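Because only heavy atoms are used, hydrogens play no part in the values below, and waters and symmetry mates are left out as well, while side chains stay in. No experiment lies behind these values; they were computed from the predicted model shown.
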Amino acid sequence: MPFAKKLVGAALVLGGVCAAGAWFLSAPVRLPAETLAQVGSGDAERGRRIFFAGGCTSCHAKAGAEGEAKLELVGGRELVTPFGTFVPPNISPDPTDGIGSWSAEDFANAMMRGVSPDGRHFYPAFPYTSYARMKPSDIGDLYAFMKTLPAVQGKTADNQLSFPFTIRRGIGLWKRLYLSHEPVVALAAGTPESVLRGQYLVEGPGHCGECHTPRAVTGGPDKGQWLAGAVAAEGRGTVPNITSGEGGIGDWSEADIAAYLETGFTPDFDTAGGAMAEVQENIAQLTAEDRADIAAYLKAIPPHPNGFPARQ
């Protein structure tokens, strides 16, 4: 009996230590002061480019919005996933229902660390795992542009999640696996500047890997199959392979890719459809150089063959 009591006591102590360790490791981590210092006051005109590169309207504008209504970022669309239904929030400059009361530091921590102003983890349906690779100065520019948009009243519905996904603290452990500012693809020394610029746009603000890369059972991206196509986040349909692998876009030239991103027409005169139609409309707002850089990067990365078709 004394031995059994000691064993139980040791187990309780060990359990307490593990619980304390998990609590510590799962804590929200904000950006360091030196990174925040690089955010700066921001430039709204430069921020417009980052806004469209990031496709903010695709999730945060009302479904079917056209023209200037696309800039009313009231949120409310539903993203139905195997983990539950996520509802993108109002991110207009409204001080009560949107993010109008956020400081530039609040915005940077949300974008690059997935941490809310009140210190909670954001769910990674918000693609901060990609935004973590962005330059702090670009975050500052985006913040400046966001402040110029219409302030729209209206709170969105809550996410519809079940246990254990209702426990946000656990996201801190998930972040330790998947949140990194390091590039996904290790490009060789001497890589052309156009490819490097394209890498930044694709892996950072463009967050292309969030949809085009398969995910593990944990919901994190399988970076070994980077951009190789995936089941759509909503669980219906597929997102195509955009590498040069079998079933990908290996037969597209850089000019073909850039033209598709500008016009929505594939080399065989098919058109962008589904969610990609909105993505393409956003990328069409960028410069011709930006689209050429994206194309250069896509042609430079390793091919990954899989069963997801390039064109649907």
Side-chain angles (χ1 to χ4, degrees), residues 49-50 52-55 58 127 129-135 138 180 182-215 221-233 237-312:
R49 169 178 174 262
I50 300 301
F52 284 107
S58 297
T129 49
S130 291
Y131 299 153
R133 302 184 185 99
M134 290 177 63
K135 301 172 185 175
D138 280 348
S180 171
E182 295 294 334
V184 177
V185 177
L187 296 172
T191 295
E193 284 298 317
S194 61
V195 175
L196 296 175
R197 291 193 301 265
Q199 178 178 40
Y200 176 73
L201 289 169
V202 170
E203 296 187 10
H207 64 279
C208 305
E210 301 289 342
C211 287
H212 287 276
T213 301
R215 292 184 178 271
D222 176 3
K223 293 180 181 177
Q225 288 288 306
W226 178 243
L227 302 183
V231 174
T238 59
V239 180
N241 182 341
I242 55 172
T243 75
S244 297
E246 183 180 351
I249 56 174
D251 58 337
W252 291 26
S253 67
E254 289 185 26
D256 289 335
I257 297 170
Y260 170 71
L261 295 175
E262 180 180 11
T263 67
F265 286 100
T266 69
D268 53 6
F269 300 103
D270 197 359
T271 57
M276 186 60 199
E278 288 191 74
V279 174
Q280 181 274 316
E281 288 176 5
N282 288 321
I283 297 178
Q285 299 289 324
L286 304 183
T287 65
E289 182 183 34
D290 285 336
R291 291 187 291 271
D293 292 342
I294 291 170
Y297 170 72
L298 292 179
K299 295 296 288 185
I301 61 174
H304 290 297
N306 69 11
F308 296 106
R311 297 181 281 277
Q312 299 181 46

If you take all heavy atoms of [X] and [Y], which pair is closest and at what distance?
X: Met134; Y: Gly204; value: CG-C, 4.1 Å
X: Leu286; Y: Ala53; value: CD2-N, 3.8 Å
X: Ala258; Y: Ala295; value: N-CB, 4.1 Å
X: Pro303; Y: Ser244; value: CB-C, 3.6 Å
X: Ala300; Y: Val195; value: CB-CG1, 3.8 Å
X: Cys211; Y: Ala230; value: O-CB, 3.7 Å

Hey, are the side chains of [X] and [Y] touching, using non-hydrogen atoms and a 4.5 Å cut-off?
X: Pro183; Y: Tyr200; result: no
X: Ile283; Y: Arg291; result: yes
X: Thr271; Y: Gln280; result: no
X: Ser58; Y: Asn282; result: yes
X: Leu298; Y: Trp252; result: no

Query raised in the report: Under 3.5 Å, is there a donor-acceptor pair linking the side chains of Glu210 and Thr129?
Result: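 Short answer, yes.
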Query - Of all pairs that satisfy salt bridge (charged side-chain N to carboxylate O under 4.0 Å, His left out), the ones with a partner from residues 186-197, not counting sequence neighbours - result: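 Residue pairs with at least one partner in residues 186-197: Arg197-Glu289, Arg197-Asp293.
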Rounded to the nearest 0.5 Å, what separation is found between the [atom1] atom of [X] and the [atom2] atom of [Y]?
X: Trp226; Y: Asn241; atom1: CH2; atom2: CG; result: 13.0 Å
X: Thr243; Y: Ile301; atom1: OG1; atom2: CD1; result: 6.0 Å
X: Leu227; Y: His304; atom1: CG; atom2: NE2; result: 8.0 Å
X: Leu201; Y: Asp290; atom1: CG; atom2: CG; result: 5.0 Å
X: His212; Y: Thr238; atom1: NE2; atom2: OG1; result: 10.5 Å
X: Cys208; Y: Ile242; atom1: SG; atom2: CD1; result: 5.5 Å

Requested in this report: State which residues pass ring pair (Phe, Tyr, Trp, His ring centres under 6.0 Å) with His207; sequence neighbours excluded, sorted by chain then number.
Outcome: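 Expected list: Tyr131.
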Query raised in the report: After noting the C-alpha distance and the side-chain angles of Tyr297 and Val185, does the key distance pass the side-chain contact (heavy atoms from CB on, under 4.5 Å) rule?
Result: CA-CA 10 Å; Tyr297 170 72; Val185 177; 3.4 Å; yes
Report task. Return yes if some donor-acceptor pair links the side-chain N/O of Arg133 with the main-chain N/O of Glu182 below 3.5 Å, else return no. Result ->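 Here the side-chain-to-backbone pair exists.
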Query - With Gln199 via side chain to side chain donor-acceptor pair (under 3.5 Å) - residues at least two apart - result: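 With sequence neighbours excluded, Gln199 shows a side chain to side chain donor-acceptor pair (under 3.5 Å) to Glu203, given in chain and number order.
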